[in-house]
Amino acid sequence: MGHTATEQAGSGGLTATEHRLANGLRVVLSEDHLTPVAAVCLWYDVGSRHEVKGRTGLAHLFEHLMFQGSAQVKGNGHFELVQGAGGSLNGTTSFERTNYFETMPAHELELALWLEADRMGSLLTALDEDSLENQRDVVKNERRQRYDNVPYGTAFEKLTAMAYPEGHPYHHTPIGSMADLDAASLEDARAFFRTYYAPNNAVLSVVGDIDPERTLAWIEKYFGSIPSHDGKQPPRDGTLPDVLGGELREVVEEDVPSRALMAAYRLPHDGTREADAGDLALTVLGGGESSRLYNRLVRRDRSAVAAGFGLLRLAGAPSLGWLDVKTSGGVEVPDIERAVDEELARFAAEGPTPEEMERAQAQLEREWLDRLATVSGRADELCRFAVLFGDPQLALTAVQRVLDITPEEVQAVAKARLRPDNRAVLVYEPTEPTEPTDAADTEEGEADQ
């Protein structure tokens, strides 16, 4: 059964229909005939927050195992079939979900739906010790390449562990530990799949040049016979006080290019007006080269080569405001920290100027519209709002909610949260002396965390 959503104010003309199969699978469809492509996005309500001590990294490991074959598709066949049909695909894992996605020529949509249904319904028939060992080694190597053996690679893991106390479901990151990856057994993996990879624990969105009636018929045909599973336990409570109550600090001496100041501030949960206000505050302070921190540290003081402040949105725990400053040459971190604190205190006292507010809202509006304008981006956002907030329609009005935030709300969240007693601080000191650097001639690109 399903219903057609009426166009909502602030949706930009975008619509979506919602349906639910008898086995509990939620389906969201959104027509877009601008280009002859279709995006398939499948979110499972499982991430690292669902893991227990001693078995971290299972959600991410299983993301990899889902590409190792199923009953009808052997080995690397999922990639080969999608790419051979002219499509693209991948999967990702976070604290709060695991997702899989394909973007296909519209006439190949049925193939993508069949592939996703085949592995949801039959992966266990293909899961064996060889595939587990193969992907365990892949994940361990990914950890080495992205965390352990790159400059500042463990910063995310360290700051997360500081911001969320021991025993908290967000204390560990999705990559997991080497020891836990080694300890994972085939039965652990099978139990994990049975518990979380069920249709009643998933949302499927299809966006693009589709015929909704035919698409829904395909979904019923391929997914409808997969049985539901009722063994899932809810994630542990991620509630924490609004502020840490005191600064936490760690100094790391490593072979890094320059000194760095990184910090994580507890900010409001995603899905709230306060989170949107926090996003605007961090955009004014550190969102690009027109931001206050960039202008102060890089342009004016020339004490840093890069300065950014962004929001890691989380629904089941406090979000994190992520500060990242790389110093110039021989500049000491305390000098940087004093300047940062001056700017944060001034912003909390005065709030954003009208020009800053307009620029920040335009920046976030553009980012949202960019996501919703692509079939893959819209499919992902429809899944996100369905899984985390229960209503995919919220994705279509997210832009308007950002534009409705007032300067007073932005100032209030900055005053309440961007304080020294509400942050975990990580200071990087190079093991080798740093050479003087001209900040004006140095650029730093963004890396996907």
Side-chain angles (χ1 to χ4, degrees), residues 25 35-44 46-47 57-94 97-146 174-176 181 184 186 189-190 192-193 196-197 199 202-210 215 218-219 221-223 226 374-380 383 448-449:
L25 178 68
T35 56
V37 295
V40 173
C41 186
L42 187 60
W43 271 47
Y44 290 92
V46 59
L58 269 177
H60 181 230
L61 176 61
F62 225 99
E63 173 213 318
H64 285 257
L65 289 172
M66 284 283 275
F67 290 99
Q68 282 296 287
S70 50
Q72 309 299 323
V73 183
K74 305 304 180 185
N76 203 40
H78 196 112
F79 274 100
E80 293 167 358
L81 287 167
V82 170
Q83 292 172 342
S88 60
L89 72 162
N90 215 328
T92 68
T93 309
S94 77
R97 59 97 184 103
T98 307
N99 68 339
Y100 302 90
F101 45 93
E102 295 88 6
T103 300
M104 308 288 285
H107 67 280
E108 296 286 4
L109 170 61
E110 185 180 8
L111 172 63
L113 293 171
W114 175 76
L115 285 167
E116 287 294 357
D118 190 59
R119 60 182 176 182
M120 177 191 281
S122 70
L123 186 100
L124 283 186
T125 64
L127 181 59
D128 56 23
E129 288 285 0
D130 288 342
S131 57
L132 177 62
E133 285 303 318
N134 176 281
Q135 290 309 300
R136 192 202 315 266
D137 288 342
V138 169
V139 172
K140 288 166 67 176
N141 194 50
E142 180 181 341
R143 181 184 170 87
R144 294 184 190 101
Q145 291 180 338
R146 297 185 61 191
I175 194 68
L181 289 170
L186 182 60
R190 286 174 172 163
F192 193 88
F193 180 84
Y196 295 109
Y197 280 76
V203 172
L204 172 68
S205 67
V206 185
V207 176
D209 188 16
I210 64 173
T215 301
W218 284 335
I219 293 170
K221 176 182 178 180
Y222 297 124
F223 288 89
I226 302 173
T374 66
V375 292
S376 58
R378 194 185 320 158
D380 192 57
C383 279
D448 181 23
Q449 181 59 60

Between atom [atom1] of [X] and atom [atom2] of [Y], what is the distance when rounded to the nearest 0.5 Å?
X	Y	atom1	atom2	value
Leu113	Phe223	CG	CZ	6.0 Å
Asp137	Glu142	CG	CD	13.0 Å
Ile210	Thr215	CD1	OG1	4.5 Å
Leu115	Met120	CG	CE	13.0 Å

Indicate yes or no for a side-chain donor-acceptor contact from [X] to the backbone of [Y] under 3.5 Å, with no hydrogens or angles considered.
X	Y	result
Arg136	Ala184	yes
Ser122	Thr125	no
Arg143	Gly176	yes

Among side-chain atoms of [X] and [Y], is any donor-acceptor pair under 3.5 angstrom?
X	Y	result
Thr93	Glu63	yes
Ser131	Asp128	yes
Tyr222	Glu110	yes
Thr92	Arg97	yes

To check you understand the geometry: which heavy-atom pair defines the closest contact between [X] and [Y], and what is its length?
X	Y	result
Gly87	Pro105	N-CD, 4.1 Å
Cys41	Cys383	O-SG, 3.5 Å
Leu111	Met104	CD2-CE, 4.0 Å
Tyr197	Thr98	OH-CG2, 3.6 Å

Practice prompt. May I ask you to establish whether Arg119 and Phe193 are in a cation-pi arrangement, using a distance under 6.0 Å from NZ or CZ to the six-membered ring centre and at most 45° from the ring axis?
Written response: no
Measure the shortest side-chain to side-chain distance between [X] and [Y] over non-hydrogen atoms and say whether it is less than 4.5 angstrom.
X	Y	result
Ile175	Leu181	no
Phe101	Asn90	yes
Trp43	Tyr100	no
Ile226	Leu25	no
Trp114	Lys221	no

Result block: side-chain N/O donor-acceptor pairs under 3.5 angstrom for residues 65-83, not counting sequence neighbours:
| unit_1 | atom_1 | unit_2 | atom_2 | d |
| --- | --- | --- | --- | --- |
| Ser70 | OG | Asp118 | OD2 | 2.5 |
| Lys74 | NZ | Ala71 | O | 3.1 |
| His78 | NE2 | Glu102 | OE2 | 3.0 |

Practice prompt. Might you work through the ring-ring contact (aromatic ring centres under 6.0 Å, His included) test for Phe62 and Tyr196, ending with a clear yes or no?
Written response: CA-CA 10 Å; Phe62 225 99; Tyr196 295 109; 9.7 Å; no
Practice prompt. Under the side-chain contact (heavy atoms from CB on, under 4.5 Å) rule, what do Val207 and Thr374 come out as? Steps first, then yes or no, please.
Written response: CA-CA 9 Å; Val207 176; Thr374 66; over 6 Å; no
Discussion item. Against Leu109, only a single residue in Val37, Val40, Asp209 fulfils side chain to side chain contact (heavy atoms under 4.5 Å, CB included); can you say which?
Written reply: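 That would be Val40.
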